[in-house]
Amino acid sequence: MVSAVVLKLWVREVAKILGTTTRTVTVAAGSSVVVMLLFGLALALIAGAQLGSAISPELRLSLVRTSFAAAAMTAGIVAVVLCLAAPPRTALQNSLDLLPVGRGSARLGQLVPVLAMGLVSSAALSSTSVVVLVRTSPDPLGMARGLVLYALLLLSMMLAAVAVFSGLQSVGMKRLRLPLPYASTVAGVLTFAGVLAVAAPDILALRRSGSGGDGIGELLPSRVFARTAVAPDGWSAALVVLWMLVAAGLLWFVSRHHVPGAPRASVRLLRGTRPLRRTPWWGQLWAEGLIAIRNPQFIVAALMLPLGAAAVWVLAVTVPAAGIIVPALAGALPVLPFVLAVHAVGRTIRTHWVARLAGGDAVPLLWPKALAAALSGAVLGAPILLAVLLLGLVPAMQLPDILLRCALGLVAGLLGGAVVPYSEEQPLSATAAGFLVALIYMPATLAAGWVSTVAAPGTDRVIVLAAIVLLAGLFAVVAVRQRVQDPARA
């Protein structure tokens, strides 16, 4: 019941903002889900083209265990990102507190749509597990069992990650009296560390020094689910059920406790500043810049990015086998602040009419917003980029590619945030916007990566540049359409 209300409210809000019908929003959302799943499956089929069923049981178990560990890590990371992006408390939760609805039921009802969207994203990003199961299963029954356990693994990891994050965030805000950005950062870092601790041993091929296979590491969820998928036995099946019960029970326990709302007062950065010039353009740029920098997600990113760079450096130094993924991980860090542009439109769309009322149609909104998002992203991205270059995590020759990906992340965030505006009152808005940004960003980067292996050098950069121009044009079209709707929102 609560989940249906959340979905209906979100669909109506998006339809009102975009000036369209709820049916159109529903069809577009469903189509996006299908496209995302098909895109992930296509990538997985390409990656698993050489797999076959004529392999030994030991090799099949190793392949399934590694792919399940990657799927578990993906689901956990997606859950942490969704938790960091969503507001801790919404207006709907405040209304439900006044009704005879259990606190746990209300909280879980609001989480169901978010978890469903997260499961779709996780499944699309970890579709290689599906291909491994289909290509290596000796019979249809084993394939079906493996697919069911793969879905249950994604679900249990998401439930556990959301529960751990919510619990740590609530403890930080209620017991330690931490402000929301700091409590979210601590909860995100600890939850992320837990996800890596659970998944990394199989992804990085870490092994205990002993020869036995019955150590405590065999209780890790990816190993338990993989062992049940490949060679089921009573003990493994019981552990699968136990992991599911622990994840669901932990989330239910955390949901029953009150989650304190975020303070309405924002972080007071850049106090006492003024626009460089007293013109509508500079005034709008200054206002958009203040909103972007005082965004809670901006503060969380500012706290987490140095920790991320340090973690990648430690990984590169301590685990030589991780050298193949270190450049990709380090190169993604400077891009993340630019993706925060996904919040730019939603945070101001309900007050655009005020600027128009004060200054008329001559008040600019489009390009000051985009430039403010770019500048705020550069404030965080530039130091991180310099750090990963100085630490040797990324070769200097990749600098142009990283800069292009930063620009691509910026326009993808602006477009995704314009199509699905962020709302502090709708937890599903952040999930849907992030889903759309991933659907926009990933094809362009993956297409460029593929072209770099088959075409002349520099062709991949031309493709990324063309994608940037195209997405910027689409953002301008959507933003102009929303500007027409400003008087109606007033």
Gap between atom [atom2] of [Y] and atom [atom1] of [X] - 0.5 Å precision:
X: S127; Y: M36; atom1: OG; atom2: CE; answer: 9.0 Å
X: L82; Y: T431; atom1: CG; atom2: OG1; answer: 4.5 Å
X: L84; Y: Q297; atom1: CG; atom2: CD; answer: 8.0 Å
X: R223; Y: E218; atom1: CZ; atom2: CD; answer: 5.0 Å
X: S121; Y: I77; atom1: OG; atom2: CD1; answer: 13.0 Å
X: L133; Y: F68; atom1: CG; atom2: CZ; answer: 4.5 Å

>> As a quick check of understanding, evaluate side-chain contact (heavy atoms from CB on, under 4.5 Å) for V114 and V162, giving each step before the final call.
In response: CA-CA 11 Å; V114 176; V162 171; over 6 Å; no
Can you list everything that forms a side chain to side chain contact (heavy atoms under 4.5 Å, CB included) with [X]? Sequence neighbours excluded, please.
X: L276; value: W282
X: V411; value: L408, I468, L471, A472
X: I402; value: P334, L385, V394, R405, C406
X: S32; value: F435, L439

Quick check: closest heavy atoms across [X] and [Y], and the distance to 0.1 Å?
X: I293; Y: F298; result: O-CD2, 3.2 Å
X: P306; Y: I384; result: N-CD1, 3.9 Å
X: A316; Y: L393; result: CB-CD2, 4.0 Å
X: S376; Y: A292; result: OG-CB, 3.8 Å
X: V437; Y: G413; result: CG2-CA, 4.0 Å
X: A373; Y: L414; result: CB-CD2, 4.3 Å

Using the side chain to side chain donor-acceptor pair (under 3.5 Å) criterion, which residues pair with [X]? Sequence neighbours excluded.
X: S184; answer: Q169
X: T26; answer: none
X: W286; answer: T273

>> For a side-chain contact (heavy atoms from CB on, under 4.5 Å) check, start with the C-alpha distance between V164 and L168, then their side-chain angles and the critical distance, and finish with the verdict.
In response: CA-CA 6 Å; V164 172; L168 292 174; 3.8 Å; yes
Check: [Y] and [X] side chains under 4.5 Å, non-hydrogen atoms:
X: V464; Y: D460; value: no
X: V312; Y: V388; value: no
X: V300; Y: L303; value: no
X: N295; Y: I291; value: no
X: P221; Y: V198; value: yes

> Should T21 and T24 be marked as a side-chain contact (heavy atoms from CB on, under 4.5 Å) after you check the CA-CA gap, both sets of side-chain angles, and the distance that decides it?
Replying inline: CA-CA 5 Å; T21 62; T24 302; 2.8 Å; yes
>> Tell me every residue that passes salt bridge (Lys or Arg N to Asp or Glu O under 4.0 Å) with D401, counting only those two or more places apart in sequence or in another chain.
In response: R461
> Can you list the residues that meet the salt bridge (Lys or Arg N to Asp or Glu O under 4.0 Å) rule with R12, with sequence neighbours excluded?
Replying inline: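 Testing R12 for salt bridge (Lys or Arg N to Asp or Glu O under 4.0 Å), a comparison that skips the adjacent residues, returns none.
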> Within a radius of less than 6.0 Å around CZ of F192, do more than 12 heavy atoms belonging to other residues, nucleotides or ligands occur?
Replying inline: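 No - once you tally the heavy atoms of other residues, nucleotides and ligands closer than 6.0 Å, there are 12 at most.
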Would you confirm whether [X], through its side chain, and [Y], through its main-chain N or O, come within 3.5 Å as a donor-acceptor pair?
X: T22; Y: V11; value: no
X: T445; Y: M442; value: yes
X: R60; Y: T136; value: yes
X: S122; Y: G118; value: yes

Could you pull out all donor-acceptor pairs under 3.5 Å where a side-chain atom in residues 148-160 meets a protein atom, sequence neighbours excluded?
from: Y150; atom 1: OH; to: S126; atom 2: O; distance (Å): 3.2
from: Y150; atom 1: OH; to: S126; atom 2: OG; distance (Å): 2.9
from: S156; atom 1: OG; to: L152; atom 2: O; distance (Å): 3.1
from: S156; atom 1: OG; to: L153; atom 2: O; distance (Å): 2.9

> Does a donor on one side chain and an acceptor on the other come within less than 3.5 Å for R145 and S137?
Replying inline: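 The answer is no; no qualifying pair exists.
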> Between L329 and L333, is a side-chain contact (heavy atoms from CB on, under 4.5 Å) present by the stated rule, with each step listed?
Replying inline: CA-CA 7 Å; L329 293 175; L333 292 175; over 6 Å; no
> Which residue pairs pass the side-chain hydrogen bond (donor to acceptor under 3.5 Å, both in side chains) test with at least one member in residues 313-334, sequence neighbours excluded?
Replying inline: none
